[in-house]
Amino acid sequence: MTDRPRGTRRALFPSSVSRPVVSPLQPSVVYASPDPDTLDAQYEGGAKGYTYAREAHPNAELLEGLLNGAEGAGGGVVTGSGMAAVTAALLATVRAGDHLLGADQLYGRSLRLMAEDLPRFGIATSLADPTDVAAIEAALRPETRMILIETTSNPTLRVADVDGIVALAKARGILVAVDNTFATPRGLRPLERGADIVIHSVTKLLAGHSDATLGYVGANDPALVERMRVLSQTMGLTASPFDCWLAERGLYSFDMRYDRATANAARLAEALAGMEGVTRVIYPARQDHPDHARTATLLSGEGGHMVSFEVAPTRAAANALVRAAEGIAFAPTLGDIATTLSHPATSSHRALTPEGRAALGISEGFFRVSVGCEDADDLIRRFAQAVAAANGV
Ligand SMILES: *Cc1c(COP(=O)(O)O)cnc(C)c1O
């Protein structure tokens with residue numbers, strides 16, 4: 001066995017007068033300090049130094065800086081998943097006796113956290129429609145501490161009235177947390193609209209390659225950032241260096257991927273709307289979308305990279321469509337460099353009753369597309385082939 005240099009001695013890493021152009025990946029779990037005085041200074045903030053990777057490490061700190069910049073946040077914490085970010089935002093702010101109001105179309109696990117887990121800790125939760133400020137106002141209680149919304153909802157792509165909800169909450173001293181995963185910072189920067197906390201599943205379009213599971217919570221209030229950071233360290237919600245390193249690499253192409261995916265999505269939505277057998281197309285930038293006006297004011301008219309559509313509402317048609325969608329992964333995620341297709345009735349919304357799904361407009365023929373960066377003409381051809389197969393059953 002080869003001995004590794006130990007203690008305060010430096011590892012024998014080969015030196016180079018030229019510098020690498022890529023950030024180093026630092027997987028070390030633990031950091032050795034020269035003496036107790038220095039360690040003491042590290043903990044007290046007098047000296048900068050890492051101690052243990054669950055607390056902090058260079059790859060997370062670097063990624064945090066980039067994400068703070070993207071969201072215009074005063075500070076933020078990178079977490080081990082998007083759900084860890086949702087958990088950090090909620091648990092750092094609410095306490096037993098508080099009420100938490102959520103949007104009625106949140107990500108499935110966020111809904112589950114609110115319905116199953118938080119009530120066990122004495123936190124009351126309820127849901128209301130975030131596109132309707134009057135409905136949100138009617139659902140507030142004297143003990144409401146926070147409102148959790150998503151800018152653009154899954155899978156019906158409704159756009160929340162972020163400005164209206166922020167104005168309402170500010171007047172009552174209630175915090176607003178916005179899960180901005182679908183919209184991305186290119187669609188909206190919630191903190192600039194007055195939200196208190198912004199949340200991301202970095203796993204999705206920000207990292208963009210389906211090879212890193214990560215989240216982020218950002219805020220402008222330093223005390224709030226600190227509470228979310230300490231809670232993440234204590235509960236082990238923090239992220240691995242390797243995932244942070246991959247996400248940093250992905251983030252450098254985020255703008256280009258966003259532009260390309262959004263342009264492709266607009267074209268695919270238009271093409272789907274003209275295809276025989278497609279009964280509904282949902283894309284926020286289209287004139288026929290219920291939140292078209294808000295897309296113009298809140299999202300600068302950008303429809304984003306997600307498109308939903310519906311064909312004949314039968315499982316047989318859905319199976320035929322997926323089988324004929326050549327080269328398009330049928331996978332329950334979004335934001336990958338390549339287009340992915342999901343079927344909410346058998347994945348994200350499978351826990352609902354058929355009536356519950358019908359109330360949201362999700363039938364067996366409903367599909368959600370996360371549009372990628374492929375050639376648009378080729379993509380449209382593949383979808384035309386898939387829709388034709390669904391029509392044939
Ligand atoms: C995927 C997703 C999450 C959860 O993120 P993970 O990284 O999978 O934990 C939360 N919110 C939204 C809107 C998402 O799409």
Side-chain angles (χ1 to χ4, degrees), residues 60 63 67 71 76-91 100 102-115 117-118 127 130 147-160 162 176-188 190 195 197-218 228 232 235-240 242-244 246-247 250-251 254 258 261 265 284 299 304-308 329 331-336 340-344 347-351 360 368-372:
L63 183 61
L67 292 169
E71 277 293 355
V77 185
V78 167
T79 57
S81 68
M83 279 317 300
V86 173
T87 302
L90 299 187
L91 295 192
L100 173 67
D104 57 4
Q105 284 196 37
L106 294 176
Y107 183 71
R109 287 277 164 188
S110 298
L111 286 175
R112 195 189 154 90
L113 180 65
M114 291 184 63
D117 300 299
L118 295 181
L127 307 175
I147 303 172
L148 172 66
I149 59 176
E150 290 174 11
T151 311
T152 309
S153 75
N154 177 36
T156 59
L157 312 179
R158 293 299 304 266
V159 181
V162 177
V176 177
V178 179
D179 181 335
N180 202 32
T181 301
F182 273 48
T184 84
R186 283 289 303 281
L188 178 78
I197 297 176
V198 60
I199 300 170
H200 276 286
S201 169
V202 178
T203 312
K204 311 294 170 54
L205 194 62
L206 287 173
H209 294 73
S210 293
D211 55 11
T213 304
L214 281 176
Y216 165 81
V217 272
M228 295 193 290
S232 299
M235 298 190 89
L237 304 177
T238 47
S240 96
F242 185 53
D243 279 351
C244 293
L246 283 173
L251 209 51
F254 163 67
Y258 177 88
L299 305 177
H305 65 302
M306 304 297 293
V307 179
S308 294
T333 188
L334 61 127
D336 190 73
T340 55
L341 184 61
S342 90
H343 184 243
S347 56
S348 55
H349 292 66
R350 64 174 298 122
L360 293 174
R368 186 195 78 185
V369 189
S370 168
V371 183

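Note that the coordinates shown come from a computational prediction; the quantities given were computed from them, not determined experimentally. Order of appearance sets the numbers: ligands from 1, and atoms from 1 within every ligand.
Atom 6 (P) of ligand 1 has as its closest protein heavy atom Gly82 N, 3.3 Å. The protein heavy-atom contact nearest to atom 11 (N) of ligand 1 is Asp179 OD2, 2.7 Å. Closest to atom 5 (O) of ligand 1 among all protein heavy atoms lies Ser201 OG, 2.9 Å. Nearest protein heavy-atom contact of atom 8 (O) of ligand 1 is Tyr107 OH, 3.9 Å. Here the heavy atom of the protein found nearest to atom 2 (C) of ligand 1 is Lys204 NZ, 2.5 Å.
For the pair Thr181 and Thr151, the minimum side-chain heavy-atom distance is 4.5 Å or more. Residues Arg368 and Asn154 have side chains in contact (heavy-atom distance under 4.5 Å, counting atoms from C-beta outward). Taking 4.5 Å as the limit, some side-chain heavy atom of His200 sits within range of a side-chain heavy atom of Pro185.
The local environment of CZ in Arg109 is sparse, with at most 12 non-hydrogen atoms from other residues, nucleotides or ligands closer than 6.0 Å.
The atoms of ligand 1 that sit less than 4.0 Å from any heavy atom of Thr203 are 7 (O).
Residue contacts with ligand 1 for Arg109 are absent, since no atom lies close enough (heavy atoms, distance under 4.0 Å).
No N or O atom of Val86 sits closer than 3.5 Å to an N or O atom of ligand 1.
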Walk me through it: do Ile199 and Glu150 pass the test side-chain contact (heavy atoms from CB on, under 4.5 Å)?
CA-CA 9 Å; Ile199 300 170; Glu150 290 174 11; over 6 Å; no

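A donor-acceptor pair is defined here as one N or O able to donate and one able to accept, closer than 3.5 Å; no such pair exists between the side chain of Asp179 and the backbone of Val86.
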